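Values in this document were obtained by computation on a predicted structure and should not be read as measured data.
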Amino acid sequence: MSNLIYSAGRQLDKLLLDAYRAASAEGLLPPDAELTGVSEIPRDPANGDYAATHAMAAARAMRRPPRAIADALTKHIELGGSYFESCAVAGAGFMNFTLSDKWYSDVLRAVETEGSGYGRSDFGGGERVMVEFVSANPTGPMTIGNARGGVLGDALASVLDMVGYRVHREFYVNDAGNQVELFGKSVEARYMQLCLGEDAVKFPDDGYHGDDIRELAADIYGREGDSLAALPERVRVRRFIEIGIPRNIGLMRAHLERYRIRFDEWFPESRLHESGYVDETMRLLTDGGLTYEKDGALWLKNTELGADKDEVLRRSDGSYTYQAVDIAYHRDKFAARGFGRVIDVLGADHHGHTVRFSAMMKSPKLRSALGITHGELEFLLMQMVLLKRGAEVVKVSKRTGKALTLNDLLDEISVDACRFFFNAKPDTHLEFDLDLAVRQDSENPVYYVQYAHARICSLIAALGADGCAVPDARDIDVSVLRGAPERELIKQIALLPEEAIQAARDRDPSRINRYVVELSARFHKFYTACHIRGEREDVLKARLKLADTTRRVIAICLGVTGVTAPERM
RNA sequence: GUGCCCGUGGCGCAGUUGGAUAGCGCGUCAGACUCCGACUCUGAAGGUCGCAGGUUCGAAUCCUGUCGGGCAUACCA
């Protein structure tokens, strides 16, 4: 679990502090000032591998020009045996450092030693975190929105795992409630239309108009004929729900499997009802003095928990609202299952809900009433996908039934392209042009990255045929990798552990995509500039090792994103 | 009305614990393969970072105001 970027930065901070002590002991700088500043990697490599801003930051406290401070520090800095080989003062008072061979060598060794575990860290400290995502209603097929949410949740979970959290992937199945009832009624109406004719049966105004509902009804009609028509309507609706919902859940499971997403748990809402957990949760709220009855309904005193208005928990007809069930569900996540952190990935259209719900779940009154002693709830909101076919905007709506489903999408576009493309920054709108995305060529960055991987594999195979295997890191001389293309490539390789931590911290797994595109770009540049086959032996071995190291890191990144790393294309 | 998100070359986007001349891809133009995979690489053109103030050695980044776009504000989920 090495992080050479972090190690070098820490070491630099210490070198600067020692230099300051030495300089002040000699009277060059005032003593007792606090030396602060950041050591960072400059955008432009012409400004060194690391740049320190300490001299500028200390200018005011030390009452000296920044450059004078920088000169004094530079004079006393002791670089021998460190990860740095030189220091130069530049600009307004920047101190620019260059990395030594030892550092480059350690990077290659770290990847070799850690193998597929390279990039991992203990940033998360083993905390148990649940990522709940997709959780699509089982009332119909999953949509493009679920395609995005699926990749986002899955990749986020992978990134969290990478930085040392214990991750649990969960799909919450809304197999109870109004939407399910409406689903049953919709199928029932279609079935009765088959029995009695289209015009004889009115379809519910707010019903599901999708073709999948018609198909399901037709399927049942094909098997059962009109034998169900004699049953009472309520029983018939019940029957269609019992047939349709499990069937849809099975389809979702299969389609997600195709999309390479697997959940640790499919948690059915019905379990919360059947076990009496929702009832019990409501009782706890009432015992905690957080509810009251009005107009025949049970209300939550949400205003006392910081909200604008109170909310209904149990309707006047006795059924529970989504809100009530969700409180019970989260009580289960925290109090019963003991997760230290729960991240719910949702579409941005749930924004209103998340604001109210987070405030509620933070409130000490509600937590103590529910027996939640620890654990934090987060929402990761994902902006909507704007689906286009050329210039035409494709509407995504389950109601109209004209939505393009996840499965349809995967018929048109490779899983790799989909997973890579949908892994975009969560909080930005994503414009997805089908006409563009179906093209499986260099338009899509995933091919650029996969090509780099395949290219390295074929290179290694060719050299292997020459009798030249990839050497061990200790058997190569990194000092022959002195060119800018080699150094820039190694620096990018060293960045992965840090990049993973940032991706996890920002809840933005798309950082890994951008990272691996940049890594591939640097590899292609290296490959073009630096020939390998037929070079002098020490050069050949060092470059071959670098290429192989790159291959490993690309494969790790693609694994996080859920994209395959092909050996040939 | 209120709350949250987003305004960065023609298009799509990086870059926000404040750092040096604001980057990348596509597109446009000009180049590079007798050689490890041309699904690649090199170079050029293209910007008042929505607008206006403020904070300081320094602002795309922080603060205030303002304009534009999206989403949300149910006894739906």
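For the pair A:N178 and B:C76, the criterion of a side-chain N or O lying under 4.0 Å from OP1 or OP2 is met. For B:C6, neither phosphate oxygen OP1 nor OP2 lies less than 4.0 angstrom from any side-chain nitrogen or oxygen of A:T428.
Close placement of the A:Y451 and A:H524 rings is indicated, their centers lying within 6.0 Å of each other. For A:F183 and A:F240, the ring centers are positioned 6.0 Å apart or more. Aromatic ring centres of A:Y329 and A:Y172: separated by under 6.0 Å. The six-membered or imidazole ring of A:H330 lies near that of A:F357, with a centre-to-centre distance under 6.0 Å. Aromatic ring centres of A:F84 and A:Y50: separated by under 6.0 Å.
Considering only the side chain of A:M569, B:G37 comes nearest among B:C75, B:G37, B:A77. Side-chain atoms of A:Y448 lie closest to B:U40 of the nucleotides B:U40, B:C75, B:G70. Here B:U73 is the nucleotide among B:G37, B:U73, B:C5 with the atom lying nearest to any side-chain atom of A:K309. Side-chain atoms of A:Y322 lie closest to B:A77 of the nucleotides B:G69, B:A38, B:A77.
When the P atom is used for both B:C49 and B:C35, the distance is 47 Å, rounded to whole Å.
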Reading nucleotides 15-21 of chain B from the 5' end, what letters show protein touch, with B for base, S for backbone sugar-phosphate only, - for no heavy atom under 4.0 Å?
SB--BB-
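Residues A:A424 and A:L430 come closest through the heavy atom pair CB-CD1, 4.1 Å.
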Once Watson-Crick and G-U wobble pairs under 3.5 Å are found, how is RNA chain B written in dot-bracket notation, 5' to 3', with | for any base paired to another strand?
(((((((..((((.....[...)))).(((((.......))))).....(((((..]....))))))))))))....
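Proximity of residues 523-537 of chain A to RNA chain B (heavy atom under 4.0 angstrom from any strand atom) is restricted to A:H524, A:K525, A:Y527, A:T528, A:C530, A:H531, A:I532, A:R533.
Look at A:K491 and A:E488 and you find a salt bridge, because one of the NZ, NE, NH1 or NH2 atoms lies within 4.0 Å of a carboxylate O, short of that distance.
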